[in-house]
Every structure is written in structure tokens, then in C-alpha cells.
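Start at 1 and go down the list; that is how both ligands and their atoms are numbered.
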Amino acid sequence: MEPPGTPPDAAALAKRYRAVRAASVALADPLSAEDCAIQSMPDASPAKWHLAHTTWYFETFVLESRAPGYRPFSPAFRVLFNSYYNSVGAQYARPDRGLLSRPSLAEIRDYREHVDRHLLAWLEHGDADATARHVLWLGTHHEQQHQELLLTDVKHLFGCNPLDPAYRETAARAVAPGDGTGPAQFLAFEGGAYEIGWSGSGFAFDNEGPRHRVWVEPFALASQPVTNREYIAFIDAGGYRDPGPWLADGWTAVQQRGWPAPHYWRQRGDRWWTLTLGGLREVAPDEPVTHVSFFEAEAYARWAGARLPTEAEWEIAARDVPVEGNFVESGALHPRPATAHGRRPAQLFGDVWEWTRSAYGPYPGFRAPEGALGEYNGKFMSGQLVLRGGSCATPADHVRASYRNFFYPDARWQFSGIRLAQDAGS
Ligand SMILES: [Fe+2]
């Protein structure tokens, strides 16, 4: 299957490459070498590994494959920074990435500069055909995915530290308790046949297509994500003590892990506080709840007499909504307070990834691309749920209505939140 989209020409691609590579380095700037080296859990990677692995992509899939005479920066990096590409060869064990005190952060920075220099020279030499440009284009979007992971992994690392470190003091300034916007309204959508999936000439991952028809029954989607105020009502009503609204696997997770609230939350007296990338802050009632698992999203929805949307419903509701949001470039690194209701759903993009009820699987007609990059998305289509919309840690030009993020149902370290749906007439 041909990859989607038409890659930019060499000059535009070089400009995008420079911007994305610089953004990764800038995200690591507030971090010490120690911050960059530690792995806080098997699902997270050290910042240093993110900086190296994104470079490995360009070295392996562009320079080594397509630039005659290129000499790798260090042959050992082929294994150390291979994430999961079996067709490239062996991989260093993912849960042990935090043991890699060598290479040093300084050496990783040298690695980045080496690859950047050679890659830009190769690109400017004019040797990149459309296929090569597509691989490079994909690499820039891959690096943006890792930029978000770098932030969420650092947040998880800091969440393990009783000092409650701030990634950036200015991030997520405390929000004064507002008057809120009241409960969400449910916006009605007609049932019928729709098309979903990526279309156009811009970038998309392979899993966003092929575009295809779906049938949906009439439904309603909430005008805004579930807020902390609403979620606290669920906690206060015994949401984490009553198995009633929980899926069986969700209730098992609550009991085995002792979840009392969203990740990063802690109670002081009758108030909730949470660690943000700007440090410890009191939970702001009007902001979307975040750092909840699919299990918690599902339990909340049942408790609230609603349900989660399917990914088709979400995309149908989002298709005419401009991609404007609270993305990482804003510097806030925290969800915005709920915004005023309109006739369209608000805060679909930016703020929090929204769990859907849809299992992550192939669209009709999907075939993974040939070669190593066929491993990019297709082999993960098992046991995960789709999230839509992008978060406050996502780069703005990395999100679109057809974008399919996916995580396991117990994952809580991403900026993941909840938007309710209802069947028509319920
Ligand atoms: Fe990766």
C-alpha cells in the first residue's frame, strides 16, 4: 500500500526537519543530565533515549539506506536505539533503557548534530526521490510523537519524586477558581452513512486510512470534556469504592493498584492537589480531568448515565472544526479551563486526548506498507483503545481530525481525558 500524502519538496522538508529537530532540543533544555537518564517505568523512556532514538530513525532509514558512503556515528547505536523494528535487527531491552548511563547526554547531542549535518547535506544535494522524502517526512512526525512522550515521561519521572519538581516554573500557571461554564450540553448528530479516515494531500499515518464508509445511529456528543469538578463528584460519590460502574478489568485494576483518583492527584484535607509540569498545584475545578485510564473514563461515563463515543462519532463531530487548541507551543503544558458552549463541540483539539470506546484496529482495506516502516503502526493493532484530539503536550501541526492515538486501557501517564456521548433519545 502506498503511504498517504504527498511529501514536500526538498527545501520545504529541510525547513520542517530543522524546526522539528530544534524543538526536541528545546524541550530537553530545562532538564539536567540526571533528569535525562532515568527511566521511571517500563512504559516510559529516558529523555536521552528519546533524543537518540529519533536520531536513529533518520540515520537508519534515511542515511544508511539512501546516502552512499555514509558512516554511522557509532555502529552500536543500531541496537541501543532501535525501539521495536525487528526487520532492522536486535533491540536493547525496553525496560532497561534507564541503565544506559553511556553514551552520555553530551554524546547524544553530538550524535544529533552529526546526523543533522549529514542529512541536510544529502537533502540539499538533491538525491531524495519521492520515496526517500516520504520516509524523511514520516521521521519528522515520528519525532513529534516522541516530543510528547518526552514530556509525559518526564512528568511521570517527576511524579515519583517527593520534591515535586517543576519541569518549567512558568508552565500551567495556577488558574483562579472560575465560575465555570456549567455542565456540558449534549449536541445532537444525525445517524446515517458517513465517510471517515484521512483524505487530502497532507501528512497522515498509515493507520488513518483508507477512507471508508461507516454507519452510525443518531448520537449526541458532549460540548466539552468532563471537568475536574464533575470528576470530583464521582470520587465523592464513592466512584472508586463501588464496583457497580466498572468494567471487570477496570475494577481489578482499581483494587490491585489502589487507585483513589487520577494519576498525580493527592488529597490534602478536603482539597485535591496535582503535580503539573509547572509543579504542584491545586486541582482547578473547571479544567478537563486528565491522567485517567480508559477504565476510569468508562466507569465515569456509566456513573454519569452516558457512554464514551466511538472513534467514528468523534471524527464525524470534529470534521468541520478547525484544528485550534492548547498545544505545546503555547507553553501552558496544561489543559485550559472549559470554554463557553457553542453549537460545535469545544476543546476537541489540544488540552486532553479523549478516550473512545473503539478498539484500535485496521480500517477496511488497510495493508501495512512494505519494508521496515510497515512495522510502524500495524503490528500494534491488538488490545488497545483509540484516543482522539491531541493534548497540551502535542505539537500543533501534528494533529488532525483523522489522527488515531492508541494506548492500553490501564495507561494513565498521557494527558488523557473524557468526553461523554449518548445514544439519541437517552
Ligand atoms: Fe519511535
Side-chain angles (χ1 to χ4, degrees), residues 3-4 16-17 20-21 23-25 27-28 36-37 39-65 72-74 76-98 100 103 108 111-112 115-116 119 134-157 203-208 328 353 360 368-369 371-382 384 387 390-391 393-395 397-399 403-408 411 413-414:
R16 176 174 168 82
Y17 178 87
V20 170
R21 298 286 285 168
S24 298
V25 172
L27 286 177
C36 288
Q39 180 174 26
S40 58
M41 64 169 171
D43 280 343
S45 295
K48 191 170 78 174
W49 190 91
H50 287 299
L51 294 173
H53 161 71
T54 48
T55 307
W56 170 94
Y57 175 103
F58 293 113
E59 181 173 69
T60 304
F61 296 127
V62 180
L63 292 175
E64 286 192 17
S65 311
F73 180 82
S74 168
F77 287 8
R78 187 175 176 88
V79 174
L80 278 189
F81 301 121
N82 179 3
S83 51
Y84 54 68
Y85 293 89
N86 294 317
S87 48
V88 172
Q91 301 124 38
Y92 183 78
R94 176 178 167 146
D96 295 340
R97 289 172 185 167
L100 296 172
I108 297 302
Y111 178 39
R112 290 184 68 89
V115 167
D116 288 351
L119 193 136
H134 204 288
V135 172
L136 178 50
W137 198 27
L138 174 60
T140 62
H141 287 267
H142 167 254
E143 181 143 352
Q144 288 184 307
Q145 291 181 309
H146 280 277
Q147 288 168 3
E148 178 160 6
L149 291 171
L150 186 154
L151 287 169
T152 53
D153 292 357
V154 162
K155 185 171 181 179
H156 189 269
L157 173 67
F203 181 85
F205 289 107
D206 55 7
N207 62 6
E208 296 171 55
V328 63
W353 287 101
Y360 175 53
L373 291 173
E375 294 188 62
Y376 197 101
N377 277 314
K379 72 181 187 181
F380 299 109
M381 292 174 170
S382 165
Q384 307 198 56
L387 302 92
S391 83
T394 311
D397 65 349
H398 184 69
V399 165
Y403 194 112
R404 307 173 79 202
N405 202 355
F406 50 93
F407 281 98
Y408 288 101
W413 91 109
Q414 298 303 303

Any chance the side chains of His146 and Thr54 put a donor and an acceptor closer than 3.5 Å?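 No, Thr54 and His146 have no side-chain donor paired with an acceptor closer than 3.5 Å.
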Could you check whether Tyr360 and Asn207, counting side-chain N and O atoms only, form a donor-acceptor pair closer than 3.5 Å?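 Tyr360 and Asn207 do have a side-chain donor-acceptor pair below 3.5 Å.
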Residues that Tyr17 engages under ring-ring contact (aromatic ring centres under 6.0 Å, His included), provided they are two or more places apart: Phe58
What's the verdict on ring-ring contact (aromatic ring centres under 6.0 Å, His included) for Phe203 and Phe205, showing C-alpha distance, side-chain angles and the deciding distance? CA-CA 7 Å; Phe203 181 85; Phe205 289 107; 5.0 Å; yes
Counting no waters, how many protein N/O/S atoms sit under 2.8 Å from the Fe ion (ligand 1)?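 Counting protein N, O and S atoms closer than 2.8 Å to the Fe ion (ligand 1) gives 3.
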Would you check, one step at a time, whether the test side-chain contact (heavy atoms from CB on, under 4.5 Å) holds for Phe406 with Met381? CA-CA 9 Å; Phe406 50 93; Met381 292 174 170; over 6 Å; no
In terms of the angle between their ring planes, are Phe61 and Trp56 parallel, tilted or perpendicular, with boundaries placed at 30° and 60°? perpendicular
